[in-house]
Amino acid sequence: MEATSLSAGAKPSAPPLAVRKLSPEIGAEIMGVDLSQPIGGALAGQMQDIWHDNLVILLRGQKLSMEDQVRFAECFGPPAKLHNKGHMAGHEAVMLISNIRENGKLIGALPDGEMNFHTDQCHQERPAKASMLYAIEIPKEGGNTLFSNAYAAYETLPDDIKRRIDGKRALNAYDYANAAMKRGTKLAEGVPHYMHPVVRTHPATGRKALYVNRLMTVRIDDMPEAESEVLLNFLFDHQEQRRFIYEHVWRVGDILMWDNRCTLHARTDFSAVERRLMRRVTILGEKPV
Ligand code: SIN
């Protein structure tokens, strides 16, 4: 798509950023910014506006140290400290997503292959507001990340479904043993979990987003199990329709940040003999309402 200059929301001291839409429903590439240098408040404010409008932002061709990435993340809020200290990669908020093994030991988390749609840390009281991945090594094919627009998913639901989920809450859990593909329909022993609204309101935009996902949502509270299962499967199929999705094919040097409050994401399969290495920082969010 054509590059355009967006001036909406721009602060007077910042020239408008060049922006290119990544798909009709979701995602925008921001051009002409070098994140290895600190960016000023006016530029960060513009980027935040573009992020709120497009839910996912991408900057290509970056050469970023860990400190550069953390500094960029801080423009959007405090980086979330990792719960699992074993995943820390040189900084309390930095984690590697990688299938690389050194001396037989994985150097990162979420290593292999395909992942079902989910939102980060929805099993915690304060899930991540944003997640950012920086691509360091990528496979020749696959390992793409798909992003779905959860506002559009909510807004296009039939009215009777909206009425059925209005005010409902759902249990979300993260089963580390079956992390990538398998959704539990029962809460397994010792699995971290939290109940959140099925429809959440974004604190910055005021828009409603569908907040369930195939990987981590176990059941809708206060609803017979069989009914919850049928309804959830309808919602999962609805939100995963291609018309709501942008599929990102990674290049080394990409940095991409998504808003977990109004998107969900998944990963396509890739060869186990190829290396994939991403550096991830998440930003602490608020309790969903
Ligand atoms: C994630 O779900 O945070 C990882 C996505 C990816 O590896 O593309």
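Just so it is clear, the values below take in all heavy atoms, side chains as well, and ignore hydrogens, waters and symmetry mates. Both counts, for ligands and for their atoms, begin at 1 and track the order of listing.
The closest approach between a heavy atom of Arg267 and any atom of ligand 1 is below 4.0 Å.
The single protein non-hydrogen atom nearest to atom 8 (O) of ligand 1 is Thr145 OG1, 2.6 Å, given as residue, atom name and distance. The closest protein non-hydrogen atom to atom 4 (C) of ligand 1 is Leu110 CD1, 3.9 Å. Among all non-hydrogen protein atoms, the one lying nearest atom 5 (C) of ligand 1 is Leu133 CD1, 4.0 Å.
The distance from the CD atom of Gln46 to the CH2 atom of Trp51 is 16.0 Å, given to the nearest 0.5 Å.
A 6.0 Å sphere centred on CD of Glu286 holds more than 12 heavy atoms belonging to other residues, nucleotides or ligands.
In terms of heavy atoms, Tyr134 sits closest to Leu64 at OH-N, 3.0 Å.
The contact set between ligand 1 and Arg280, taken as ligand atoms under 4.0 Å from a residue heavy atom, comprises 3 (O). Close approach of ligand 1 to Ile97 is summarised as follows: ligand atoms under 4.0 Å from at least one heavy atom of the residue are 7 (O). Below 4.0 Å from some heavy atom of Arg276 lie the following atoms of ligand 1, by number and element: 6 (C), 7 (O), 8 (O).
Checked for salt-bridge contact, Arg163 and Asp166 miss the test: no charged N lies under 4.0 Å from a carboxylate O. Classification of Arg279 and Asp68 as a salt-bridged pair fails, no side-chain N sitting under 4.0 Å from a carboxylate O.
Checked by distance only, ligand 1 and His118 come closer than 3.5 Å through their nitrogen or oxygen atoms. Of the polar atoms of Trp250, none of the N or O atoms is found under 3.5 Å from an N or O of ligand 1, judged by distance alone.
For atom 1 (C) of ligand 1, the choice among His265, His248, Met278 with the nearest heavy atom turns out to be His265.
Residue His265 forms a side-chain hydrogen bond (donor to acceptor under 3.5 Å, both in side chains) with just one option from Asn213, Thr119, Asp120, and that option is Asp120.
Using the six-membered ring where Trp is involved, Phe234 and His238 have ring planes that are parallel, under 30° apart on the 30 and 60° scheme.
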